[in-house]
Amino acid sequence: MGIVAVDLFITLDGVYQAPGGPEEDPSNHFEYGGWQAPYFDDESGAVIGAGIDRLDALLLGRKTYDIFADYWPKHTDMPIGAKFDEVPKFVASRTLTDPSWARTTVVTDIAAEIPTIKERFEEIHVIGSGALARSLLAADLVDRLNLYLYPIVFGNGKRLFDEGTVPAAFALAQQPIAFPKGAVSLVYERAGVPVTGIQIDE
């Protein structure tokens, strides 16, 4: 049985919206798009790239899929583009019927279909796709969180953990990695339910 790993860039206050550029996702009047680049360095790029090298299937939400499908097929000469080109891709959508990106399958019911996909692949990565990540968390289908935490806060924007989040516990799967410009890589694996109701003795 494989795993579903969510790879997400988030701020200290949990915002995942529009890290890649000003026009990536300005919905709900979000004015801070393009916040990742000032903190990007070779070291973080290497860790992100190593994570992509490990995946053998890609699972995306519709918005991220459209962005990727427009960009990466034109850049198969790059390592990431070549990787994305060769692996099977799954897109969660109830409206897409004829995906243009080669080796793409549409997933219309994540709760029913993801367990079957996990039987076929070792590491299925969700990259970006915050809304899909939240749906997967709500359905308890996330096995690993690969979070890249950036030292910035906005006070508004789409958050990974917000109202409606299902209580869950995670265990640190590897030592955090701090990058030169201030971002941190955090890897957590699902670890049952939170332990609560315990009084800390003075």
Side-chain angles (χ1 to χ4, degrees), residues 4-55 57-87 89-93 96 99-102 104 123-137 142 144-162 177-187:
V4 170
V6 170
D7 302 352
L8 205 60
F9 309 123
I10 64 170
T11 66
L12 288 176
D13 56 343
V15 173
Y16 63 78
Q17 188 170 357
E23 305 303 321
E24 182 179 349
D25 182 7
S27 62
N28 301 322
H29 308 291
F30 187 69
E31 301 176 351
Y32 306 108
W35 48 264
Q36 181 188 16
Y39 300 98
F40 187 82
D41 46 47
D42 291 341
E43 291 82 353
S44 61
V47 172
I48 293 167
I52 291 173
D53 285 343
R54 289 194 303 272
L55 68 85
L58 189 59
L59 173 62
L60 302 172
R62 176 64 187 274
K63 185 174 292 186
T64 302
Y65 175 84
D66 286 344
I67 293 170
F68 278 27
D70 182 61
Y71 181 83
W72 287 114
K74 304 171 187 173
H75 296 85
T76 55
D77 57 326
M78 300 169 61
I80 293 176
K83 180 69 174 185
F84 288 167
D85 181 63
E86 73 181 29
V87 301
K89 292 163 281 288
F90 299 88
V91 54
S93 176
L96 183 64
S100 60
W101 200 359
T104 294
E123 286 200 25
I124 305 128
H125 283 228
V126 179
I127 299 179
S129 307
L132 173 60
R134 292 187 59 185
S135 295
L136 291 167
L137 286 164
V142 174
R144 181 179 297 159
L145 290 171
N146 297 320
L147 302 179
Y148 299 91
L149 184 66
Y150 290 79
I152 190 170
V153 298
F154 298 124
N156 65 73
K158 297 176 181 177
R159 288 177 168 84
L160 179 59
F161 301 110
D162 209 337
I177 303 173
F179 302 116
K181 292 188 177 180
V184 178
S185 168
L186 299 168
V187 180

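Atom set for the values below is all heavy atoms of this structure, side chains included, hydrogens, waters and symmetry mates excluded.
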For residues 76-83, dump all side-chain donor-acceptor pairs below 3.5 Å to protein atoms at least two apart in sequence or in another chain.
{"residue": "Lys83", "atom": "NZ", "partner": "Asp53", "partner atom": "O", "Å": "3.1"}
{"residue": "Lys83", "atom": "NZ", "partner": "Leu55", "partner atom": "O", "Å": "3.0"}

In Å and rounded to the nearest 0.5 Å, what is the CG to CG distance from Leu132 to Leu136? 4.5 Å

For Val87, does its backbone N or O pair with a side-chain atom of Lys89 as donor and acceptor, under 3.5 Å? yes

Just say parallel, tilted or perpendicular for the rings of His75 and Tyr71, cut-offs at 30° and 60°. parallel

Report the residues that fulfil side-chain hydrogen bond (donor to acceptor under 3.5 Å, both in side chains) with Thr11, sequence neighbours left out, ordered by chain and then residue number. Asp13

Side chains of Leu59 and His125: closer than 4.5 Å at any heavy-atom pair? no

Qualifying residues under side-chain hydrogen bond (donor to acceptor under 3.5 Å, both in side chains), relative to Asn146, sequence neighbours excluded: Asp7

Main chain of Ser27, side chain of Gln17: is a donor-acceptor contact present, judged purely on distance under 3.5 Å? yes

Candidate pair Ile152 and Tyr39, rule side chain to side chain contact (heavy atoms under 4.5 Å, CB included), full reasoning: CA-CA 10 Å; Ile152 190 170; Tyr39 300 98; 4.1 Å; yes

Looking only at heavy atoms, what is the nearest atom pair of Ala131 and Tyr16, with distance? N-OH, 3.5 Å

For Ala57 against Phe90, the heavy-atom pair lying closest together: CB-CE1, 4.2 Å

More than 12 heavy atoms of other groups within 6.0 Å of Asp162 CG: yes

What's the verdict on ring-ring contact (aromatic ring centres under 6.0 Å, His included) for Phe30 and Tyr32, showing C-alpha distance, side-chain angles and the deciding distance? CA-CA 6 Å; Phe30 187 69; Tyr32 306 108; 5.6 Å; yes

Rounded to the nearest 0.5 Å, how far does CG of Asp85 lie from NZ of Lys74? 14.0 Å

Can you tell me how far CH2 of Trp72 sits from CG of Leu58, rounded to the nearest 0.5 angstrom? 11.0 Å

Of all heavy-atom pairs linking Ala133 and Val6, the shortest is CB-CG1, 3.8 Å

Looking only at non-hydrogen atoms, find the nearest pair between Leu60 and Tyr65 and report the distance. CD1-CA, 3.9 Å

Residues 25-36 vs salt bridge (Lys or Arg N to Asp or Glu O under 4.0 Å), sequence neighbours excluded, gives Asp25-Lys63, Asp25-Lys158

Restricting to non-hydrogen atoms, name the atom on Trp101 and the atom on Pro73 that form the minimum distance, rounded to 0.1 Å. NE1-CG, 3.4 Å

Is there a donor-acceptor pair closer than 3.5 Å between any side-chain N or O of Ser129 and the backbone N or O of Val126? no

Closest heavy-atom pair and its distance - Pro19, Phe9: CG-CD1, 4.2 Å

Using 0.5 Å steps for rounding, measure from the CD1 atom of Ile127 to the CZ atom of Phe68. 5.5 Å

Contacts of Arg144 meeting side-chain hydrogen bond (donor to acceptor under 3.5 Å, both in side chains) (sequence neighbours excluded), chain-then-number -> Glu189

Residues two or more places apart in sequence or in another chain: which of them pass side-chain hydrogen bond (donor to acceptor under 3.5 Å, both in side chains) with Asp66? Arg62

Straight-line distance of Tyr148 OH to Ile10 CD1, nearest 0.5 Å: 12.0 Å

